[in-house]
Amino acid sequence: MIALLIRDLRLAIRAGGGFGLGLAFFLILAVLVPLGVGPQPAVLAAIAPGVLWVGALLACLLSLDRIFALDWEDGSLDLLATAPIPLEAVVTIKALAHWITTGLPLVLAAPVLGVLLNLSADAFGWLVLSLLVGTPALSVIGTFGAALTVGLKRGGLLLSLLVLPLYIPTLVFGAELVSRGAAGLTTQTALLLLAGITAGAVAILPFASAAVIRINLR
Amino acid sequence: MEIRVENLACARGGVPLLDALSLSVQPGQALILRGPNGCGKTTLLRTLAGLQPALAGSISLPPDAIAYAAHADGLKSTLSVRENLAFWAAVYGSGGVDAAVARMNLSALADRAAQNLSAGQKRRLGLARLLVTGRPVWMLDEPTVSLDAASVALFADVVRGHLAAGGMALIATHIDLGLPEAQVLDLGPFRARLPAPGRGGSFDEAFL
Amino acid sequence: MSSFWEYANPRKFMRTTNWLLPLVAAASVVVTATGLIWGFFFTPDDFRQGSTVKIIFLHVPAALMAINAWIMMLVASLVWVVRRHHVSALAAKAAAPVGLVMTLIALFTGAVWGQPMWGTWWAWDPRLTSFLILFLFYLGYIALWAAIDDPDTGADLTAVLCLVGTVFALLSRYAAFFWSQGLHQGASLSLQPGTRVDWAYKAPLYVSMSGFVLIFVALVLAGTRTEIRARRMKALVARERMA
């Protein structure tokens, strides 16, 4: 299983792996929003938590279709399904690899972009914490979406249509956590709910993803 | 330790292809599946490999014994020959990467990225994967596509070595592999017949 | 063999709905027309909201069916997953567009009602927001059905999506309620249902709701019949290929 993780990370980093695209997208979004909205610090500070969270979510979405599509095209998915690793573990590892290559860089880059968006000083810690807790759910949910659309031609657009509604709870609680942190309000409920969604998604969705892959491989 | 299939029926895309198929393979034996295109060779292999459910019948296989090789080789183009094999060796918890590379005549290419291999070399790498799995039952779907005559002979030699070590092989192919000792099974007679029109038989099959 | 599951046989289903569908369709027209005409023309104007309140006779039944259609899809998907009855999967497929339209009607009538009452076509009230989210889930479900060629694969995948989607739709609804009581301005726009609604309103409202239920049943039956016929066509093509 470690071998699978290492392979996926290696593939992501080597040429054509698309590593860093999500990060670049996140950066561009954080530059474009002030250009569109205007430079008033108060306005930017008010929308910063939401913009950063929506940006993280879209950046995650960008690389989702790569999770299974390449393995499907070259036939490795068939071979992985007949290999001695349970498919549930395969999808979990794939989600983990996606998080390491996409979610984790976003978490690390977010404070820098928070400066661009004039995020209030109190909120930086909450921003990093909320992304750290929330992005694993984005990867796991996205893996489920990628598993649903794996056999489809032009599945990319459908994938976003399926996954984005599933992202709503994570987005709401994540952005809410940052907003409350920025306003100095109590953050406990939002944090617990966010963590709860992540824990639930990580615990249950791999089974759904594996079932869906099996159906798609038939 | 044998493969025994009885009264198997399988379908592709909801259409029954094979029916009442029985076969058995003993250790040291190879079974070559023949039949025209679309007769269900791939479907049969995928069913036996557990990728799709059988409509009916029973399949008895030794547990954790199958190494399946499909049309596609499952190679990662940016990984080298050795890295590709090392990955599968780690997945199957086995070793012998270098031996497999040497056996399939790939030693000179061991550090070349798979994307820079020719079609035949890729195919040889795909077959080297079978060696590193260490599994006794090989299920091969058109293993000789894009191999030249020398490579086919090499492949036949590898299969013979596998059988001599007590392995088994099910091979779907059109060409003569040069394995005269292998049994041949023609899938033509097992083609599924049309159900009688208008009589749906059981509950949910009233569609067909 | 007189169990309920008998109707899961496509043949039996077609035979039964052949006479049942016209009855349900006729009943749905009569009941809905009764409810709406009664509601629109024979109820007093509200002392506060005037005649605008009468859109409730469209709005509430549509909202009711928007949610119930999804629940029906969930049950049908579960039946498919557990018992592999094709009719069940096809009924779920047929219900989705109806639910989508019901959601749209609920959103649209809500906007039309909200404009004179609250002075805005749209507000990010949790109730409105959760309906908008439900609309997105319907869209995704229908799009997934449309994208898959093999009917059994489609039935399986959409069933899983329906199960997972239900959990996330509930979470989203909860999130919407949580979110709008946060920093954002408190939403006080939603109606308090059931509080001192006079029987003069309740009676036609219930009639109208029954009418919408009948419309839903009729449309789902008709849709399922269409889907079964489409499956038969596919089966015939498959027979051609096998022959």
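By convention in this document, chain letters (A, B, ...) are assigned in the order of the sequence lines, proteins followed by strands, and residues within each chain are numbered from 1. Predicted model only: the values in this text are computed from it and were never measured. Every heavy atom of this structure was used, including side-chain atoms; hydrogens, water molecules and symmetry mates were not.
- Between chain C and the residues A:I168, A:L162, A:L166, A:L161, the most heavy-atom pairs under 4.5 angstrom are made by A:L166.
- With a 4.5 Å cut-off on non-hydrogen atoms, A:L148 touches chain C through its backbone and its side chain both.
- Within the 4.5 angstrom heavy-atom criterion, only side-chain atoms of A:I141, from C-beta onward, approach chain C.
- Interface remark: A:F144 contributes side-chain atoms only to the contact with chain C (heavy atom separation under 4.5 Å).
- Of all heavy-atom pairs between A:L152 and C:A147, the closest is CD2-O, 3.4 Å.
- For C:I148, the parts lying under 4.5 angstrom from a heavy atom of chain A are both the backbone and the side chain.
- Ranking C:I133, C:D149, C:V164 against chain A, the residue ahead of the rest is C:V164, based on heavy-atom pairs under 4.5 Å.
- Contacts between A:A211 and chain C at a heavy-atom distance below 4.5 Å are absent for every atom of the residue.
- Proximity to chain C is absent for every atom of A:L157, based on heavy atoms less than 4.5 angstrom apart.
- In this structure, no portion of A:I204 lies under 4.5 Å from any heavy atom of chain C.
- Checked against A:P165 for a side chain to side chain contact (heavy atoms under 4.5 Å, CB included), the options C:L136, C:L139, C:L134 give a single hit: C:L136.
- Heavy atoms closer than 4.5 Å to chain C are found nowhere in A:L164, neither backbone nor side chain.
- Shown here is C:Y174, whose OH atom has no more than 12 heavy atoms of other residues, nucleotides or ligands within 6.0 Å.
- How far CD1 of A:I215 is from CG of C:D150: 11.0 Å, rounded to the nearest 0.5 Å.
- Using a cut-off of 4.0 Å between Lys/Arg side-chain N and Asp/Glu carboxylate O, A:R218 and C:D156 are scored as salt-bridged.
- Using a 4.5 Å cut-off between heavy atoms, C:D152 contacts chain A through both its backbone and its side chain.
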